[in-house]
Amino acid sequence: MSLSDPQAAAQRAAELRQLLEHHNYCYYVLDAPEVPDAEFDRLFRELQAIERDHPQLLTADSPTQRVGGEAQRAFAEVLHELPMLSLANAFDDQEVYDFDRRIRERLAVEGLIYTAEPKMDGLAVSLLYREGRLVRAATRGDGTTGEDVTHNARTITVLPAALSGSGWPALLEVRGEVYMTHAGLADLNRRQLQRGERPFANPRNAAAGSLRQKDPRVSAERPLTLFCYGVGKVEGGPLPDSHFAILEQLRQWGLPVSPEARRVEGAEGCLAYYRELGGRRAALPYDIDGVVYKLDLLAQQEVMGFVSRAPRWAVAHKFPAQEEMTRLNDIIVNVSRTGRLTPVARLEPISVGGVTVSQASLHNQDEIERKGLLIGDTVIVRRAGDVIPEVVGVVESLRPADAHPFVFPSHCPECGSEVVRLDGEVDYRCTGGLFCPAQRKEAIRHFASRRAMDIEGLGEKLVDQLVEGGHITTVADIYRLAADQLAALPRMAEKSAANLLAAIERSRDTTLPRFLHALGIPNVGEATAQALARHFGTLEAISNASLEALQQVPDVGPVVAESIHLFFAEAHNRQVMEQLIAAGVQWPAIEVAPREAQPLAGMSVVLTGTLSSMGRDEAKERLEALGAKVASSVSKKTALVIAGSDAGSKLAKAEQLGVPVLDEATFLERLEAGWPAVEAAESE
DNA sequence: GATCCTCGAGTTCT
DNA sequence: CTCGAGGATC
């Protein structure tokens, strides 16, 4: 976006420079960026475009002419003999083709080989080894001058104090990226919160903040790690003649190098790598913001040379932004099955990581206050590793004059009942109970859901229609629905009505745990329902159990026992249950499988990733049939992890804790074989 | 009383 | 997946 009117262009350029300076300062010096990287890039490119169209506006001190960043004063300055440059960016395929074409034209060589590697979202450092010993570590700073962080860097466990092997040059400057894994950040943030300190918004901030600690003991507690990606100054010793071979060499000297680095051919090879790694991005245990392509042969790199701020032989191909800015148009309140009121941000629709986001949960009142959100603010929205959008924070400098705070309603927006916030609880609750249409609808949906009674076709839309049309008020009414009632509904032809009735019919045959779960007793989910069924055997026994008797069940303490007791004491609930049973809802009597048939008895197993041969539920059932307890998170008590494809943080955690991991093929083999006892006892 | 582990509940969009 | 909180364990 450039301007044709020179005066307007000059004004905009000045504006942009000031903004970029400001953001650079926030990012590098305060270590607290105000805007997402994508926004910074956009401003940067806008300025570049203006300067390109109006060369007279180009000044030597323009942010486009510098690498960006000022060294913080707390540490001794280090002058980089060879500047640590930044990389040109590419945001789409075309720019990668252009990059490759420029090199082919200049070198007059076809089929160029590149090294492709992930671009870590961390902090660039320079590591100086003299006679194979680490003598200095420095941050990149502005590229020319950085900070001496030797003491802190020495606390990074994967960074060798002395190189192993032999043949290293007398002086070797290694360059790398210090970063933090997701697990490491989560761990650190947990400790931050425990100490009443602010958690870090992302791994890069955490890594940067940790490396710049004044006290190395603090750095030492931070889970910093490192990948080396190249060399700087080298004296007294030859190095291989290609980038990829240098990485191999660094690895042999004991330096950590990304296992993802590959040689690829041409722009097509680069793009294939980009897509492949992009597909696995969410499953990687650390954040990457793109992929870097470097011309592999050093001789060719030398011919290409540099432009003012970046080498011409390398480019960073960025992934679509995972963070964007948008306007917080409003905050509405959602009423859940349990009566909890959840504030939801209504956002000006914005594409984040390729998906349009228009709302995001704000969880609770405290969260809104902690983030300091006002309606009308510009906020930063993120889709972190997973899928769920999240409001990360506010850009206070863009707050409009009419921005106003959100006031939690005193009455339920659905039913008008009073809203209360119990002592010590984070949440506000609607006191309307099943009188509240929102809670009633959610209760019915929960009853019909896949993991409960599994009535296929009875989803959100239909439940709304049925409740609003007065066809059902309690879950028991589901079994009284007739074909002619359904036929009266809009968008409900004969065929779908028949399908729904058949699904309802099928759901009559169920199991006691499913039925208990479906009732929606507060604090009783799938696992507790199963434990109750196993312990008591019959609905009768559970509904008449005393508080003391209930607490005999594993995982049931005073709070859950109270919930259950209260539920069954309610006449209305008993009536609905009787009606359900009268309508033909039934389940087989519980029988306990003989222990000897259960090779996995007492073992806690965790499933992660996607299994190709069966659904998660089936895998769970088969494991449970062998006596295993299928848990959802990995801890040191976990006996076994079964990892499908695209396994994420749970696999990383398992490896970290040394929990044995099975891949899908091995898992299937053992299932086939009835899980021979030898394997169950194996510990590696 | 503190700490670890697990469960429940809510989470967006296609 | 992530949070908060209940339960178990030391």
Side-chain angles (χ1 to χ4, degrees), chain A residues 182-183 185-187 189-191 193-194 199 282-283 322 333-347 349-367 370 381-392 422-427 429 438-439 442-443 445-446 449 451-452 459-460 513 516-532 550-564 604-609 616 629-639 646-653 657 659:
Chain A
H182 294 142
L185 177 69
D187 229 45
N189 274 346
R190 205 170 306 129
R191 277 181 282 143
L193 286 173
Q194 273 165 10
Q322 297 282 104
V333 167
N334 188 45
V335 185
S336 74
R337 170 169 69 89
T338 53
R340 187 159 124 183
L341 300 189
T342 311
V344 176
R346 304 302 307 255
L347 304 164
I350 178 101
S351 172
V352 187
V355 178
T356 308
V357 171
S358 56
Q359 59 177 43
S361 172
L362 295 172
H363 306 293
N364 54 55
Q365 175 71 32
D366 288 4
E367 193 72 11
R370 206 173 308 143
V381 178
R382 165 168 67 190
R383 287 200 335 146
D386 64 315
V387 207
I388 316 275
E390 165 194 25
V391 173
V392 187
L422 299 176
D423 283 343
E425 280 205 6
V426 182
D427 297 318
R429 301 187 165 277
Q439 290 186 55
E442 289 299 315
R445 259 183 46 201
H446 171 76
S449 67
R451 326 207 59 141
E460 184 173 3
L516 279 173
H517 177 217
L519 291 175
I521 304 166
N523 300 312
V524 176
E526 270 187 295
T528 311
Q530 210 155 54
L532 285 169
L550 287 166
Q551 289 188 55
Q552 298 306 306
V553 180
D555 300 331
V556 175
V559 175
V560 176
E562 176 77 19
S563 269
I564 299 167
S604 169
V605 181
V606 172
L607 292 162
T608 181
R616 235 182 151 76
K629 186 167 155 59
V630 178
S632 57
S633 58
V634 179
S635 70
K636 58 182 184 220
K637 286 191 186 164
T638 308
D646 296 328
S649 60
K650 281 189 266 186
L651 178 56
K653 181 103 186 267
L657 294 173
V659 173

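Just so it is clear, the model here is predicted, and its values are computed rather than measured. Below, read A as the first sequence line, B as the second, and so on, with proteins coming before strands; counting in each chain starts at 1.
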Flag, side chain of Ser563(A) to backbone of Pro522(A), donor-acceptor distance under 3.5 Å: yes
Interatomic distance where CZ belongs to Arg340(A) and C1' belongs to dC3(C) [whole Å]: 8 Å
Please tell me if Thr338(A) has a side-chain N or O lying less than 4.0 Å from either OP1 or OP2 of dG8(B). no
Thr356(A) side chain, from C-beta outward: closest of dG8(B), dG7(C), dT14(B): dT14(B)
Calculate the interatomic distance between Asp427(A) atom CG and dA5(C) atom P; express it in whole Å. 7 Å
Answer yes or no: does a side-chain N or O of Ser336(A) lie under 4.0 Å from OP1 or OP2 of dG10(B)? yes
Those residues that, when tested against Gln365(A), pass side chain to side chain donor-acceptor pair (under 3.5 Å) (two or more places apart): Glu369(A)
Looking at residues at least two apart in the chain, or sitting in another chain, which of them share a side-chain contact (heavy atoms from CB on, under 4.5 Å) with Ala561(A)? Leu547(A), Leu550(A), Gln551(A), Val556(A)
Round to the nearest Å and state the distance from Arg429(A) atom CZ to dG4(C) atom P. 14 Å
Using heavy-atom distances to pick each residue's nearest nucleotide on DNA chain B, tell me which of Val357(A) and Arg337(A) is more 5'. Arg337(A)
Partner set under side chain to side chain donor-acceptor pair (under 3.5 Å) for Arg337(A), not counting sequence neighbours: none
Could you tell me how far apart Leu516(A) (CG) and dC7(B) (C1') are, to the nearest whole angstrom? 16 Å
Quick one: His517(A) NE2 to dG8(B) C1', roughly how many Å, whole number? 8 Å
Partners passing side chain to side chain donor-acceptor pair (under 3.5 Å) against Asn364(A) (at least two apart in sequence or in another chain): none
Taking only N and O in the side chain of Ser358(A), is any of them less than 4.0 Å away from OP1 or OP2 of dT12(B)? no
So which nucleotide from dC7(B), dG6(C), dT11(B) ends up closest to the side chain of Thr342(A)? dT11(B)
Could you give all pairs that pass the salt bridge (charged side-chain N to carboxylate O under 4.0 Å, His left out) test and reach residues 522-531 of chain A, with sequence neighbours left out? Arg451(A)-Glu526(A)
Whole-Å distance between dA9(B) C1' and Arg451(A) CZ? 13 Å
Return the nearest nucleotide to the side chain of Gln359(A); candidates are dC13(B), dG6(C), dA9(B). dC13(B)
What integer distance in Å separates Asn334(A):CG from dT12(B):P? 8 Å
Are there any protein N/O atoms within less than 3.5 Å of an N/O atom in nucleotides 8-10 of chain C, and if so, which ones and at what distance?
{"residue": "dA8(C)", "atom": "OP1", "partner": "Asp555(A)", "partner atom": "N", "Å": "3.0"}

Winner on side-chain proximity to Thr528(A), out of dT12(B), dC7(B), dG6(C), is dC7(B)
note: Leu519(A), atom CG; dG8(B), atom P; distance rounded to Å ~ 14 Å
Start with the C-alpha distance between Val333(A) and Thr342(A), add both sets of side-chain angles, then the distance that settles side-chain contact (heavy atoms from CB on, under 4.5 Å), and finish with yes or no. CA-CA 5 Å; Val333(A) 167; Thr342(A) 311; over 6 Å; no
